[in-house]
There are 2 protein chains.
Amino acid sequence: MTNADRPETLARYTVGSLHRALRLVDIIASGPVDGLTVSELARQLGASKSTTFALARTLLEFNYLRILEPGTRYQLGLALVRLGDISASGLPLAAICQPVLHDINAKTGLTIRAAINENGRPLFIERVDAPGAIRFHAPLGVPELPHVSSAGKAILASMTDREVASIIAVTGMPRRTANTITTLQGLFDDLAEVRRRGYAVDDEEDFDGVFCVGAAFFDHSGSCAGTISATGIKRDLPEQAVRDLGALVRESANGITRMLGGTPRELVTTAVTT
Amino acid sequence: MTNADRPETLARYTVGSLHRALRLVDIIASGPVDGLTVSELARQLGASKSTTFALARTLLEFNYLRILEPGTRYQLGLALVRLGDISASGLPLAAICQPVLHDINAKTGLTIRAAINENGRPLFIERVDAPGAIRFHAPLGVPELPHVSSAGKAILASMTDREVASIIAVTGMPRRTANTITTLQGLFDDLAEVRRRGYAVDDEEDFDGVFCVGAAFFDHSGSCAGTISATGIKRDLPEQAVRDLGALVRESANGITRMLGGTPRELVTTAVTT
DNA sequence: GATCACTGTTCGGTAATACCGAACGAACGT
DNA sequence: ACGTTCGTTCGGTATTACCGAACAGTGATC
């Protein structure tokens with residue numbers, strides 16, 4: 001549940017019914033794709049059926065929810081598509097990144113994503129899917145773990161070891177696969193490699209069989225604004241292809257850096273300075 | 001289908017504070033891109049500052065809103081990106097259409113959009129922008145007027161004149177440019193042309209200088225599920241290019257029809273049967 | 001066919017709470 | 001140093017959001 005992971009002291013000026021309604025939306029968002037019924041929602045929400053019904057009706061009125069034809073299951077509505085589109089357009093990054101994502105997608109046929117740097121964690125804001133049936137688990141709008149993704153490691157590589165340690169202190173380093181880096185020293189070593197190459201690699205560290213290459217771009221102040229990354233099936237990517245892909249992603253990220261008024265970081269052989 | 005129209009009785013089972021909160025989100029969504037302050041929101045909402053503040057804080061807690069760095073202006077937050085993405089992914093159409101949109105975009109360099117048929121009106125759910133600086137007014141998630149867009153006319157062309165008339169009775173035929181079709185008979189004539197060609201054309205009927213080509217796809221039951229359309233600047237499109245583009249869009253739509261388990265409509269020379 | 005368990009929906013009563021108004025310090029722009 | 005506007009805080013009160021009970025349908029099981 002995502003309602004308890006807010007230990008901040010914001011609980012003071014919150015509107016209870018609105019809080020409940022947004023939790024309801026979250027329950028539907030993390031529920032099955034074919035939606036949930038009022039009774040199921042009421043159970044998960046811990047409220048009565050009538051209350052849940054009233055909340056759902058109000059959300060329905062604004063098209064935040066949508067009712068499936070057979071029966072009465074609630075899904076997320078189309079108003080959220082509109083609002084999400086507006087929200088993403090508000091970020092100038094999205095407009096800048098979109099053509100770059102399409103370009104890499106056209107050249108490689110892989111799934112390409114753009115993320116922003118959210119306090120050291122990658123938060124994906126845009127995505128261009130690979131053609132074909134394979135779809136990767138790639139939700140937008142939620143911060144991902146930094147130590148298991150190429151996007152996350154590309155961000156961390158722009159920071160000092162001290163900063164990296166403070167971020168990892170919050171997120172931890174949970175193991176996802178046999179290849180997951182689970183020690184701080186192992187991560188530091190990998191980040192040094194990232195700085196040398198100019199791009200980060202996720203070699204089945206998040207999902208078995210999934211390979212990822214990512215590179216960071218920087219704003220005018222020189223701080224890491226975000227990343228772009230390419231995701232594919234490991235067996236489809238021979239070693240040479242990875243090097244070419246890494247170079248492509250790195251240069252594309254450098255292009256975004258220049259569009260943001262920044263200057264691409266040169267490849268370094270030593271640790272980053274404070 | 002059973003979608004009652006706007007002039008519904010103000011629903012009886014609405015939660016007041018939630019209603020206010022969603023109106024607040026809408027106000028921000030239709031406001032300036034750099035956001036609104038609490039005082040401005042309170043004025044437009046017709047509520048006190050303290051109430052507005054509490055609502056905004058709660059929405060902030062769930063990342064429905066976001067605060068701009070300089071000052072305290074509220075923007076739409078990134079949670080809406082996530083929810084919009086989930087909402088669109090819930091529609092199987094979006095997953096099917098995405099590679100097709102990219103394909104046409106790669107071939108033509110134009111802005112390509114997919115819409116679903118929302119009671120005879122096109123509701124855009126996905127978009128691939130043209131590379132370059134030009135951005136068309138192309139919001140997602142809101143139903144557009146059917147008589148001024150190629151997507152709308154492609155939908156209407158799949159219906160009988162009687163059905164078209166009943167839809168136009170609701171939306172009206174407001175004039176947008178000098179080329180806008182404003183009479184029912186004129187629309188019927190144009191729709192007959194659409195059925196002959198297999199694709200619809202918007203020749204500066206919505207915006208001056210903007211040209212559009214769209215075609216409908218159909219589900220297994222043979223009813224129009226939605227459209228794909230390409231948008232560009234008129235002077236960039238000579239007559240022959242329009243014919244090629246129309247054929248491309250039509251064939252791409254036919255491909256989606258087949259993926260939906262339907263059979264593409266053959267080009268007709270007479271009116272559509274009931 | 002009748003029972004059961006379940007659903008979505010309706011409605012009244014009441015305790016909770018969402019709202020307002022006033023007041024605070026701070027930040028601008030006179 | 002002025003006046004104005006901002007965001008934020010807090011207490012009191014009447015609004016209202018909540019619950020529980022009861023209704024009509026549906027589908028499965030006996």
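Residue numbering restarts at 1 for every chain, and letters A, B, ... go by the order of the sequence lines.
As rounded to whole Å, 15 Å separates atom C1' of dT8(D) from atom CG of Leu55(B). When the P atom of dA18(C) is taken as reference, atom CZ of Phe53(B) falls 15 Å away, rounded to whole Å. Atom CZ of Arg57(A) and atom P of dC18(D) are 16 Å apart (whole Å). Following rounding to the nearest Å, Lys49(A) (NZ) and dA21(D) (C1') show an atom-to-atom distance of 10 Å. In this entry the distance linking CG of Leu36(A) with C1' of dG8(C) reads 15 Å, nearest Å. Distance OH (Tyr13(B)) to C1' (dC23(D)): 11 Å, rounded to an integer number of Å. Between the NE2 atom of His19(B) and the P atom of dC19(C) there is a distance of 12 Å, rounded to whole Å. Atom CG of Leu60(B) and atom C1' of dT8(D) are 14 Å apart (whole Å).
Side-chain atoms of Ser87(B) do not come within 3.5 Å of backbone N or O of Leu83(B) as any donor-acceptor pair. Looking at Arg66(B), its side chain never comes within 3.5 Å of a backbone N or O of Leu78(B) through a donor-acceptor pair.
Within the nucleic acid shown, Ala54(A) has no heavy atom closer than 4.0 Å to any nucleic acid atom. Using a 4.0 Å heavy-atom distance criterion, Ser48(B) is classed as a base contact.
For Ser50(B), the side-chain atoms get nearest to dG21(C) when compared with the rest of dA17(D), dG21(C), dT8(D). The listed nucleotides are dT7(C), dC6(D), dC18(D); the one nearest the side chain of Arg43(B) is dC6(D). Counting only heavy atoms from C-beta on, Thr37(B) has its side chain closest to dC6(D) among dC18(D), dC6(D), dC20(C). Ranking dA17(D), dG8(C), dA23(C) by closeness to the Ser39(A) side chain, first place goes to dG8(C).
Phosphate proximity of dC18(D) to Arg20(A): present, with a side-chain N or O under 4.0 Å from OP1 or OP2. Taking side-chain N and O atoms only, Thr51(A) has no distance below 4.0 Å to OP1 or OP2 of dC18(D).
Sorted by first then second residue, the salt bridge (Lys or Arg N to Asp or Glu O under 4.0 Å) pairs that include residues 29-42 of chain B, not counting sequence neighbours, are Glu40(B)-Arg73(B).
Both Leu18(B) and Val38(A) lie near DNA chain C, and the one whose nearest nucleotide falls closer to the 5' end is Val38(A). Nearest-nucleotide mapping onto DNA chain C: of Gly16(A) and Tyr74(A), the residue sitting toward the 5' end is Tyr74(A).
A cation-pi contact links Arg176(B) to Phe207(B), judged by a cut-off of 6.0 Å to the six-membered ring centre and 45° from its axis. The cationic group of Arg57(A) does not satisfy the cation-pi geometry with Tyr13(B), failing either the under 6.0 Å distance to the six-membered ring centre or the 45° limit from the ring axis.
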